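Hydrogens, waters and symmetry mates play no part in the numbers below; they use all other heavy atoms, side chains included. Just so you know, these numbers come straight off a predicted model, no measurement behind them. Here, residue 1 is the first one in the sequence, and each next residue gets the next number.
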Amino acid sequence: MIDTFYTLELDKPDGRRLTLYSRTAIDHVASAPSPFAEPANANPHLRWHPLRGEWITYAAFRQNRTFQPPPQYNPLAVTTDPAAPTELPAGNYEIAVFDNRFPSLALDAHNPPELTVETAPATGKCEVVVFTQDPTSALGALSLGRIALLFQVWGDRTERLASTGKIKYVLPFENRGVEVGVTLHHPHGQIYAYPFIPPVPARMLSQERDYFMKHGRALLPDMVQSELDAGVRVIYRGPHACAFVPACARYPYEVWVTPIAHVPDFASLDDEQRADLALALKTVLAKYENLWQRPFPYLMAWYQAPTDGEPHPYTQLHAQFSPPYRTRDRLKYLAGTELGAGMFAMDALPEEKAADLQAVEVTVKD
C-alpha cells in the first residue's frame with residue numbers, strides 16, 4: 001500500500017501557482033495570497049562559458065528579492081492580515097510549494113540577448129518548498145511522518161515538472177544558515193528544474209554509467225555496502241536506509257543519506273524505504289544540531305535520476321550534506337585549490353569527523 005497524501009492547487013493573484021500537501025484532507029482554504037499583485041514577468045537567460053563548457057544563468061531582477069527580513073515581515077509565514085498578505089494562506093495543510101517570485105529559470109523564458117558568447121532562454125522552473133507553518137521550527141524538528149511526506153512531495157513535484165517536456169533534471173535542496181547564504185529563516189527548501197543535466201550530477205552520472213557498464217551493478221549501492229561492512233564511518237544504519245561520512249568526503253562533516261537497495265528517484269521509494277529514509281535523515285540532522293548544541297548550517301542536495309525520458313539503471317537517489325564548518329568556530333573556505341583548480345583539500349580525516357558524529361547521542365522520536 002502507498003501512503004496517501006492530499007493536495008490542493010490554487011492560483012496566486014500575480015499568476016503563480018501554489019500547491020498545498022497534507023496527509024489528511026485539506027479544508028477551509030479558499031484562496032492563495034501573494035505579497036505581489038502583478039506578475040513578475042521574469043525572463044532569465046543562459047550564457048555559455050566556452051572554457052568550462054557549461055551554461056550560466058542570468059537573472060538580474062533577483063537583486064531585489066527579499067533579504068533577511070525581521071520576523072514580523074516573514075513572507076513565508078501564514079497570512080493573518082488580508083491587508084498584508086504573505087505567500088501562504090491559513091489552513092490545515094502540512095507542506096506548501098509555490099513558484100519562486102524571483103526565479104533563475106522560467107518555463108516561458110524567451111528572447112535571450114545576442115552577445116559574444118552563445119546565449120539561450122533559461123527555460124526551467126524554480127519552486128519554494130515550505131516545510132512547516134511554524135517559523136521557529138526546522139527540518140530536523142519535524143515528525144518522521146512529515147519528513148516522509150516531504151519525500152512524496154519531492155517525488156510529486158519531480159513527476160509534474162517532467163511532464164512539461166522541458167525539464168531534464170530536478171534538484172531539491174535546502175540551504176540552512178547565513179553561512180550558506182540563507183535569506184529567509186523560515187524552514188524551507190527549493191527545487192530547481194533544469195532544461196539540461198547540470199555539471200555536477202552529469203559528472204556523477206558519467207561515473208555511475210562507467211561503473212555499471214564494467215560491473216553490471218550500480219556504483220552507490222556498492223559503496224553503501226562497503227561502508228556498512230567496514231562500519232567505521234556509518235552514522236545511521238536501518239533496514240532500508242543508511243547515512244555515512246564517505247571515505248572521499250570533501251567537507252569535514254559531509255554526510256550522505258541514501259536507501260540501501262537500488263532506488264533511482266523519490267517516486268520509486270516504497271513505504272518502508274520512505275519511512276526508514278526519514279529516520280536516517282532525522283538522525284543526521286539531530287546529530288548535527290547536538291554536535292555543538294547550536295543550529296548547524298549546511299547545504300543539503302538530493303540527487304536522483306534525470307527526467308530526460310532515458311533509462312538510468314545505474315543511478316541512485318541520495319542526499320549529500322556539505323556543512324561549512326570544519327571546527328566549532330572555523331569555516332572551511334573554498335579558496336585557491338578548490339576554486340582555482342577544482343581539487344578539494346581536507347584538513348581532517350573523514351574517519352575523525354565520523355567519530356565526532358557517532359559520539360553524539362540522540363533519541364529520534366516521531
Side-chain angles (χ1 to χ4, degrees), residues 2 46 52-55 57 105 107 120 123-127 129 148 150-174 189-228 240-244 246 248 250 254-274 276-278 280-281 299-322:
I2 298 176
L46 302 174
R52 295 182 64 93
E54 61 191 35
W55 290 106
T57 183
L105 303 160
L107 287 176
T123 305
K125 193 82 178 288
C126 296
E127 297 181 333
V129 183
L150 179 60
F151 295 152
Q152 291 181 293
V153 170
W154 283 335
D156 184 59
R157 301 316 301 175
T158 298
E159 291 184 329
R160 291 182 187 226
L161 291 163
S163 71
T164 66
K166 298 181 178 181
I167 301 303
K168 300 295 178 63
Y169 199 86
V170 178
L171 180 77
F173 63 91
E174 181 198 10
Q190 299 183 62
I191 295 174
Y192 270 41
Y194 303 89
F196 50 80
I197 302 175
V200 170
R203 185 169 184 180
M204 290 193 293
L205 285 163
S206 177
Q207 295 297 111
E208 289 175 308
R209 185 184 303 111
D210 290 347
Y211 186 91
F212 186 83
M213 294 297 293
K214 182 176 181 180
H215 301 282
R217 303 186 306 274
L219 170 58
L220 188 49
D222 276 8
M223 287 183 65
V224 166
Q225 194 56 56
S226 295
E227 291 290 347
L228 293 178
H240 303 286
C242 70
F244 58 93
C248 53
R250 301 186 305 165
E254 180 175 338
V255 172
W256 295 5
V257 181
T258 182
I260 295 174
H262 178 233
V263 178
D265 50 34
F266 285 107
S268 300
L269 290 168
D270 64 31
D271 293 351
E272 292 181 342
Q273 290 170 325
R274 194 182 303 114
D276 199 29
L277 194 63
L281 177 57
L299 164 62
M300 174 186 69
W302 282 89
Y303 298 100
Q304 57 180 333
T307 56
D308 56 2
E310 300 296 325
H312 298 279
Y314 40 79
T315 195
Q316 174 78 348
L317 172 69
H318 73 287
Q320 293 187 15
F321 281 88
S322 302

Requested in this report: Might you point out which heavy atoms bring Ala243 and Val257 nearest each other, and give the distance in Å?
Outcome: CB-CG2, 4.0 Å
Query raised in the report: Once you round to the nearest 0.5 Å, how far does CD of Glu174 lie from CE of Met300?
Result: 5.0 Å
Requested in this report: Please find out if less than 6.0 Å separates the ring center of Trp302 from that of Phe321.
Outcome: no
Query raised in the report: Residues in side-chain contact (heavy atoms from CB on, under 4.5 Å) with Thr158, at least two apart?
Result: Val170, Gln304, Thr307
Requested in this report: For the residue pair Glu254 and Trp256, confirm or rule out a side-chain donor-acceptor distance under 3.5 Å.
Outcome: yes
Report task. Identify the two heavy atoms, one from Phe151 and one from Ala278, that lie closest to each other, and give their separation to 0.1 Å. Result -> CE1-N, 3.4 Å
Query raised in the report: Any side-chain heavy-atom pair from Phe266 and Leu317 closer than 4.5 angstrom?
Result: yes
Report summary line: Here the salt bridge (Lys or Arg N to Asp or Glu O under 4.0 Å) pairs for residues 206-223, sequence neighbours left out, are Arg217-Asp222
Query raised in the report: How would you list all residue pairs meeting salt bridge (Lys or Arg N to Asp or Glu O under 4.0 Å) that involve residues 150-159, not counting sequence neighbours?
Result: Glu127-Arg157, Asp156-Arg160
Query raised in the report: Taking the six-membered ring for Trp, are Phe196 and Tyr169 ring centroids under 6.0 Å apart?
Result: no
Query - With sequence neighbours excluded, residues passing ring pair (Phe, Tyr, Trp, His ring centres under 6.0 Å) with Tyr314 - result: His312
Query raised in the report: Who pairs with Pro221 by side-chain contact (heavy atoms from CB on, under 4.5 Å), at least two apart in sequence or on another chain?
Result: Ala218, His262, Gln316
Query raised in the report: Of all heavy-atom pairs between Cys126 and Leu105, which one has the smallest distance, and what is that distance?
Result: SG-N, 3.5 Å
Requested in this report: Tell me, please, which residues at least two apart from Thr123 pass side-chain contact (heavy atoms from CB on, under 4.5 Å).
Outcome: Pro121, Lys166, Pro195
